[in-house]
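To start, the structure under review is shown below, and the notes come after it.
Atom set for the values below is all heavy atoms of this structure, side chains included, hydrogens, waters and symmetry mates excluded.
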Amino acid sequence: MEIGFNVAEALEAVVAEAASGLEVFDETFVPDLRPADPRFGDFQANGVLPFAKKQGRNPRELAGALVAALGDAIGTDFAVGVAGPGFINFTLKPAALLRWLRIYGSGKDLEAGAAGLHRGRKLVIDYSSPNTAKQMHVAHIRSMVIGEAISRLFEFSGAAVIRDNHIGDWGTQYGKLIYAYKHHLDPEALEKDPLEELERLYKKGDALCREDPEVLERARAELVALQRGDAENQRLWEEINGISEKAFEEIYARLDIRFDAQLGESFYRDKVGEVYAELVDHRIAEESEGALVVFHPEHPRFKKQPFIIRKSDGASNYASTDLATVLYRVREWQAEKIIYVTDGRQQDHFQQLFLTVEKWFAAAGRAVPELDHVWFGTILGEDGKAIKTRTGNPIKLKDLLGEAEQRARAIVDEKNPSLPEEEKAAIARAIGIGAIRYADLAQNRTSDYVFSWDKVLSLEGNTAPYLLYAVARIHSIFARMGENAGAEESAATPFETDQEQKLARKLLAFPEVLKMTLSDLRPHFLCTYLYELAGDFSGFYNADKVLVDDPGIRARRILLCRRTLLILEEGLRLLGIRTLKRM
RNA sequence: GCGGCAGUAGCUCAACCGGACAGAGCAGCGGUUUUCUAAACCGCUGGUUGGGGGUUCAAGUCCCUCCUGCCGCGCCA
């Protein structure tokens, strides 16, 4: 058999083919190949057990028959055996393992292998999407970090990705903000830290509105004026957006995040009318208590819980713009799939949005895009409640990033004081930002996130610095070898030591991990894998010296270092984390 | 009330939509450096997977029930 990029997939096909030639198996049999516990082999097929149970037959007998039927098709690359109640174990022989590692030797090779997963698919990923006139806080980081990782993963697997930052730049907050700007602006503060001042003004306006009904009325009037196109308010709106955008850009630059489109809610404000009309025409939306709403009678909850798409005062809300946004993305960009990366509290909203879009597009004869809500848990303080500083304010993201870099810098100064100043700063940046990012990605996204400085900036265990350190050590070996490091791979002999084999086998599992990460859109699968890979490398590095005299051993160990480096760097890049040559 | 998520070692978390004796890190204890970065490696200690039933050859995972926590549920996003 041809081993291919994803060995589990190749085996799956061979096993299924062998089963189809046997009387006792039928088309309902699924081999169920997966990476195995290293004690048993490289891959295992578990599918015989449930199948045998369903047929009322002895699983070990069926497994034995299946193994016998594999015969020539599987070739001589694997050791195959039946174990336990009916598992089939496959172990790639060292020579074949070496062959696989020789073939997949560059980022291009990996990408070519992965490209089959989503080749040519056109998709939009909606993430970050902050509100204007507010600072970014710790809570904003998850959408950015997860959204960026998912974007990179899809691109890597062959998709055409449009990253769209759906900024909240239109809505009721502007009434209060413009009112406060006109009456309580501190020009000096605006000069010094514009976004800080805007945030103060918004809070001020919000507080005043709550205290004084008259102010509330005037704030509403400012909003109405803005929506009618009043010149002064339009100018203020633009100024506020400009200030916000500049502050956002700084954060995005620090986090290596770039968008292909940045169409905020305001972009859709003249596009909601068409949505209302179509939904009413198709009898999907109805009037209720003065508002335009959508109920879903077939749904246990949404038959009662309305999806409000136009408020009773006639104004649009985020449901209106979200609907218009789907239409735009499908019409203008031919999006086949749209992924929203937001926190889990918006699950109801997106379920209602998706149900509504499905009915609407079907009724209008449009292709219904695949819609996916990639949600994540809330960020909690150490008391298990919403995250706050000691003074009760949210932690600003720029402060968080700054402190992370600072703490990383202190460690660089201690561990490696002789490095040039500029390099130390770059290392501190990569480690600090990488540590924060990784801490977020390494945890299952659907869990709530208990934030603590110690955890985020920890340099031990499953963290970015641990991975970056492994990368730096490999680079260090190559630096010592000098320039002519390239010629030795062909001399490599098959792996022998436990550490060599363990590391080589871990490398072999990368395609399956990538596939799993993408199918569930859970970056922590990839994190866990990279951490285990770095761990296996560290074990190997400590036990087996790379630069030995024996040319065959030296060559195969160099090959292992190269492939480990390749997958660590490629994997970290997919997570949005920069690697280092020295640290 | 309806619904979502969660409860796994002292702490922070894994466990690939039922699979092999539940795995890491931290903390604790003990080792490893004339050798490629010790930000590392190796070993030991640590579990009634919130409680109780059930389904199965096999349950942390599925079903029922109870307890606890967080979060949604008509004009915020």
According to the Watson-Crick and G-U wobble definition with distances under 3.5 Å, which dot-bracket string, read 5' to 3', encodes RNA chain B, using [ ] for crossing pairs and | for pairs with another strand?
(((((((..((((.....[...)))).(((((.......))))).....(((((..]....))))))))))))....
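Neither OP1 nor OP2 of B:A77 sits under 4.0 Å from any side-chain N or O of A:Y318.
For A:E289 and B:G74, a side-chain-to-base donor-acceptor distance below 3.5 Å is present, hydrogens and geometry of angles not being considered. In terms of polar N and O atoms assigned as donor or acceptor, the side chain of A:N89 comes within less than 3.5 Å of the base of B:A20 in a complementary pairing.
Less than 4.0 Å separates RNA chain B from at least one heavy atom of each of the following residues of residues 409-418 of chain A: A:I411, A:K415. Contacts between residues 521-528 of chain A and RNA chain B, defined by a heavy-atom separation below 4.0 Å, involve A:H524, A:F525, listed by number.
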What N/O pairs connect the protein and nucleotides 1-3 of chain B at under 3.5 Å? Give each pair on its own line.
from	atom 1	to	atom 2	distance (Å)
B:G3	O2'	A:R301	NE	3.4
B:G3	O2'	A:R301	NH2	3.1

Taking only nitrogen or oxygen atoms into account, show me every contact under 3.5 Å that the protein makes with nucleotides 24-30 of chain B, one pair per line with its distance.
from	atom 1	to	atom 2	distance (Å)
B:A24	O2'	A:Y531	OH	3.4

Pick out the pairs of N or O atoms, protein on one side and nucleotides 31-35 of chain B on the other, that lie under 3.5 Å.
from	atom 1	to	atom 2	distance (Å)
B:U35	O2'	A:K545	NZ	2.8

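Under the 4.5 Å side-chain criterion, counting only non-hydrogen atoms from C-beta, A:Y340 is in contact with A:L353.
At the heavy-atom level, A:I474 lies nowhere under 4.0 Å from the strands shown. Contacts of A:N58 with the nucleic acid, taken as non-hydrogen atoms under 4.0 Å apart, are absent.
The side chain of A:K311 has B:C76 as its nearest neighbour among B:A40, B:G19, B:C76.
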